[in-house]
Amino acid sequence: MNLNIALLAGDGIGPEVIDQAVKVCDAVANKFDHNIKWIPALTGAAAIDAVGDPYPPETHKICQDADAVLFGAIGHPRFDNDPSAKVRPEQGLLKMRQELGLFANVRPTFTFPSLVDKSPLKRERIEGTDLVFLRELTGGIYFGKRGREDNGETAYDTCTYTRKEVQRLAKKGFELAMRRNKKLCCVDKANVLESSRLWRETVQAMEKDYPEVTVSYEFVDAVAMRLVQWPNTYDVLITENLFGDILTDEASVISGSMGLMPSASVGEKVSLYEPIHGSYPQAAGKNIANPMATILSAAMMFDDLGLTEEATAIRDAVNQALEKGVVTEDLADKGTAHGTKEVGDWLAAQI
Ligand code: IPM
Ligand code: MG
């Protein structure tokens, strides 16, 4: 198969972890006789520095024309500490999600048998956890009306959803549940928010089309609690943008390291694959960041392209690396940490 993949390394540790993912994907292509053409494009603070725009039109064109997009991370501390900055790297990410129509963010959380004891949660709480969040990604408070009034003394952000937006996300949730354990949890705050009541009403109306799926409705605060108490009781969870942002960070610690958790952002056409961690600027250039989340994101990409064996080859290699202790410092026992590049080399050689 010939594949054109847009490569958006971004900022901080983005370029390092992306390099490892490219190496691993090239090893897969070699083994299974595919031809991958990587098309690098600018994004984030790197793009602001180069062309003054965190998601330039050239990058958008490259992404639109690609079979998939592999993305590192964006963000730079010099913007975090400057609330008056006019252009921020994160705007590039939001623009990219919106312009590419990436309305569903798929964030799985699972445990690795060899890492269960690295989790801050007790073994008996997390064993068997295998859940997926479907976070709505192009609506809600992230994209609602916002502003200042009262000479800047009052600020507001609004959370808006249309029934259609809820339906298309929920449809993906039901379909995913059908391919898994047939349990769907709709996470909302319907006891307070009108937008949540629209979510609940919309999902309830769809239940009849998926009679095999057991649907539960839970308030977001209760889910935040149950997620660390009994994560292994969940299967598929659907939720709006901001709730999903918060809960997926919480869920990521279950596995033992945020450096392991992949994600996919899917929409109508091209999909994007990225680690759920950020740009981790403190580690940039030090060869210490864990590349596995990006590499496992590439596995999700192969899965979605219908290349299941290729995806499995990557996951098997990662499992072996974890078992053999070929891991970066976030997972290593004292004095045994491998570098980012060494982990990438090992995985590529293994494949
Ligand atoms: C994420 C990130 C982004 C978000 C930031 C960087 C804008 O936290 O992908 O979860 O809030 O969506
Ligand atoms: Mg986040």
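Read the numbers this way: they start at 1 and go in the same order the structure lists the ligands and their atoms. If you read the sequence from its start, that first residue is 1, and numbering goes on from there. As a basis for the values below, the full set of heavy atoms in this structure was taken, side chains included, without hydrogen atoms, waters or symmetry mates.
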Among K164, E165, Q167, find the one that has a side-chain contact (heavy atoms from CB on, under 4.5 Å) with T202.
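Looking at K164, E165, Q167, the match for T202 under the side-chain contact (heavy atoms from CB on, under 4.5 Å) is Q167.
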In D245, which N, O or S atom comes closest to the Mg ion (ligand 2)?
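The atom in question is OD1.
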Considering residues at least two apart in sequence or located in another chain, which fulfil the ring-ring contact (aromatic ring centres under 6.0 Å, His included) criterion with Y161?
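Only W199 meet the ring-ring contact (aromatic ring centres under 6.0 Å, His included) criterion with Y161.
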Check which hydrophobic residues are tied to F71 through side-chain heavy-atom contacts below 4.5 Å, counting indirect links as well, and list them.
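Besides F71, the cluster holds L8, Y55, V69, I74, L93, M96, L100, L102, V270, L272.
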Side-chain atoms of residues 343-351: list all donor-acceptor pairs with protein atoms under 3.5 Å, sequence neighbours left out, distances to 0.1 Å.
{"residue": "D345", "atom": "OD1", "partner": "K23", "partner atom": "NZ", "Å": "2.6"}
{"residue": "D345", "atom": "OD2", "partner": "K341", "partner atom": "NZ", "Å": "3.1"}
{"residue": "Q350", "atom": "NE2", "partner": "Q320", "partner atom": "OE1", "Å": "2.3"}

Do R180's NZ or CZ and the ring of F110 fall within the cation-pi criteria of under 6.0 Å and 45°?
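So R180 doesn't make the cation-pi contact.
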Consider only side-chain N and O atoms of R97 and S265, and report whether a donor and an acceptor are under 3.5 Å apart.
no
Show the protein residues that qualify under the rule heavy atom under 4.0 Å from an atom of ligand 1, listing them in chain and number order.
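Shell around ligand 1 (4.0 Å, heavy atoms): E90, L93, R97, R107, R135, Y142, D245.
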